[in-house]
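Here's the structure we're looking at; comments come further down.
Below, chain A is the first sequence line, B the second, and so on; all start at residue 1.
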Amino acid sequence: MSNEATLHSQQEVMHGAHDHHDHEHHHEDSFISKYVFSMDHKMIAKQFLITGIVWAIIGAFFSVLFRLQLGFPDATFPWLESILGHWAKGGRITPEAYYALVTMHGTILVFFVLTAGLSGTFSNLLIPLQVGARDMASPFMNCLSYWFFFLASLVMMASLFVQTGPASGGWTMYPPLSALGDASIGSKIGVDLWLTSMALFVVSQLLGGLNYISTLLNMRTKGMSMTKMPLTIWSFFFTAVLGVLSFPVLLSGFILLLMDRHAGTSFYLSDIFIAGKALANEGGSAILYQHLFWFLGHPEVYIIILPAMGMVSEVLAVSSRKPIFGYLAMIGSLFAICILAFLVWAHHMFVTGLNPFLGAFFVLLTLLIAVPSAIKVFNWLTTIWKGNIRFTPAALFSIGFVSTFISGGLTGIWLGNSSIDIHLHDTYFVIAHFHIVMGVSAFFGMFAGIYHWFPKMYGRFMNNTIGYIHFWVTLIGAYLIFWPMHYEGMAGMPRRYFDYSSWTSFNQFGGLNAFISIVVILVFATQLLFVFNFFYSIFKGRKLTEQNPWNATTLEWTTPIHAGHGNWPGEIPEVHRWAYDYSKDGRDFIPQTEPIGPNESAH
Amino acid sequence: MHTMSIQRKKIHPHKYSLWIAMGSITMMFIGFTSAYVVKRSQANWLAFELPHIFWLSTAVILLSSVTIHLALKNFKERNMQRYKQLITITAVLGVVFAACQWIGFSQLKSSGLPLNGPVSASFIYVIVGVHMLHVLGGVVALLVMFGRAYRTRVRTYSAVPIEVAATYWHFVDVLWIYLLIFLSIAR
Ligand code: HEM
Ligand SMILES: [Cu+2]
């Protein structure tokens, strides 16, 4: 790059920052530029978080509704008809409504909550703050990223209200069901809206990911070498890389699906009869879609879990007042997971007629993932081992994360064996596996992050007592809900069925299903308690009086309590040490900004 | 008064983002072409020859890479008149390229291979079509630059936007060469 250009760009940035500095003293930003089309990464993080919370309430509420059907298949709930109308005639959810609810539950939670709501929030909040940058590489693109997500949300929300209902073919949107409008009522305009919304979502993720990567590679403060970065940043980095490389492949799969729906092509369709009539489509392959989908789909589950892993590592170190154990091994295992994530997608397709020879490779690579996962678990446990743990809600949720990640990861090893998977595929065992290892764990990571960084976001604390209730009910509830599902799955109970009553062998689970549904309602209510705590504390929480409430070493706690746009009022601090100097040389913690002393050995 | 210090950065962030975006676009086409490979190995694959006009469009896009390169050079030497001419030519060549592809589509169609025909043909439409959209996106970017060059009130001396545009332009060019070779070999 020419010198001229470098100078210019620096002037631009300096000028921009300077401008804002003046603003703070003389006049307020307008409401629109501050709260709506904000370009401040901290505000955009809050936008992602609150949108994610709204979606989480909707998505979780859907699960309450379909659990009512699963737990009490014979009961009627007249109030259902008053909210769902003809989708719950006579107070019983119709099969069409059931499938719509399940599909939307999966889509909303996987993509809108645990992808956008999780990494959108924390990558935005923490990357500039923890690497020492004024803002993202391109604040404008960052703002666009949120608004594309918002648009995607609007379209998905609209699809809930169209006459034929939203997409209903499962969150994976497999053809031919999703490719043929005549195949079911849930395959009509709902699927078009779903695809549109997801395309917008992919754009949002790409804009965000580009920004995260270029910010953290390119705009770190003086002294912040890659190996001095906190593990949160490393995990956001790998998350963004996974997203940037796998979402486009999903997009190409969706484009082909759209063509099949509307241009009469046959990428995924062949030899299909609808209502006794043969369709003209020939030569396509539905399995092709599965390859494209799971090439994203598997990295996607790591896109969800890696940010949670990063935040848990950070919170565990802070709250046990010990350096993270095996910092480099943590980075190495993140890297290994990231590579392997691209090489295992066919473990979702063992029973599709996949060549068994190929299957053997995928079994091997899948089981290999257990190695880096185990390294991480070992390091978390050794980090808290003999630590002087401060049991804050964030710490509890992090420990809970480790617990659920272990129990869910172990069942992954069962599923990863193709011969066992023949029996377990598409049963409740899979539901149990991924809800514990992904759903619950990622939520725990997210809760840990929210409780821990809430003071940085809002300058107040959340209520601890409600936090403890929230933790214990959620942890116990999650195990009570998902643990029994393993047994149902081992007995062969398939997932995605509306009603099991014609299957006498599964009648034995009637009581269990009712029990699970009751726990679901309790856990859902507790999440509402959390939401209350969150919003109440924004306005009424105990005020933060010191910059660094957790005595943490990282840079975000060197900013003022209410940091303006640009984060640090004067110079950006320089970094001299890694992020995990806890209980070193008789000192409780040493901030990253403190130079290494003359007699001190660098980590 | 104290002002905020300068943000440290090594490469201009827009360039950095562009490189990552190009990686991302590449992945999308890897998605398409690997779908193509998977599909081709299955039964009922109909092989046919690509429309000849695709060779013409190749020449056009190669030429446009030369013109945008010259445009960048002239911008740096502050020959604004030449610069404006060259980006105009580049944008026109981009449109001609898209038109050639479009003619290619109609040739395919008239030889009995419509979009909703055999899968091998549908793939051509989709892959070539999506690539064409990326070229047209580049044309839009050039139009914006053109508008900027005519602004008299604000003068821009930064070469970053044109550098970014040129890199992107070479990228869609190389992408097309890859697709052409791929589609001609893996028939
Ligand atoms: C030791 C590590 C793991 C192994 C060996 C493993 C293996 C598997 C296998 C083989 C399946 C397919 C089961 C089937 O459909 O028959 C599966 C499903 C799934 N896994 Fe894992 N897994 C592991 C960890 C994880 C993690 C960490 C996550 C997420 C954070 C995750 C999320 C999922 C999801 C979402 C599904 C189901 C998707 C669906 O069919 O709807 N897994 N896992
Ligand atoms: Cu997987």
Problem set entry | Min side-chain heavy-atom separation A:Leu256-B:Phe32 under 4.5 Å |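 They are in side-chain contact.
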So for atom [atom1], which belongs to [X], do other residues, nucleotides or ligands contribute more than 12 heavy atoms lying within a distance under 6.0 Å?
| X | atom1 | answer |
| --- | --- | --- |
| B:Trp55 | CH2 | no |
| B:His69 | NE2 | no |
| B:Lys109 | NZ | no |

What distance do [X] atom [atom1] and [Y] atom [atom2] have between them, rounded to the nearest 0.5 Å?
| X | Y | atom1 | atom2 | value |
| --- | --- | --- | --- | --- |
| A:Leu206 | B:Ser17 | CG | OG | 12.0 Å |
| B:His14 | A:Phe140 | NE2 | CZ | 9.5 Å |
| B:Met27 | A:Leu296 | CE | CG | 10.0 Å |
| A:Ser285 | B:Lys39 | OG | NZ | 6.0 Å |

Exercise. What are the two closest heavy atoms between B:Ala35 and A:Leu292, and how far apart are they?
Worked result: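 That closest heavy-atom pairing would be CB-CD1, 4.1 Å.
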For this session: Apply side chain to side chain contact (heavy atoms under 4.5 Å, CB included) to B:Met28 and A:Ile255, showing your working.
Result: CA-CA 10 Å; B:Met28 180 167 166; A:Ile255 291 174; 3.5 Å; yes
Under 3.5 Å donor-acceptor pairs involving side-chain atoms of residues 96-106 of chain B, not counting sequence neighbours:
residue  : atom : partner  : partner atom : Å
B:Gln101 : OE1  : B:Ser57  : OG           : 2.8
B:Ser106 : OG   : B:Ile103 : O            : 2.8

Exercise. Which of residues 237-246 of chain A have a heavy atom under 4.5 Å from any heavy atom of chain B?
Worked result: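 Contacts with chain B: A:Val244, A:Leu245.
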Problem set entry | Contact origin within B:Phe29 toward chain A - heavy atom pairs under 4.5 Å |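 For B:Phe29, no heavy atom lies under 4.5 Å from chain A.
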Problem set entry | Atom group of A:Phe267 that falls short of 4.5 Å from chain B, counting heavy atoms |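 Its backbone and side chain both get close to chain B.
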Problem set entry | Which of B:Leu115, B:Val38, B:Val130 touches chain A most, by non-hydrogen pairs under 4.5 Å |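 Winner by heavy-atom pair count: B:Leu115.
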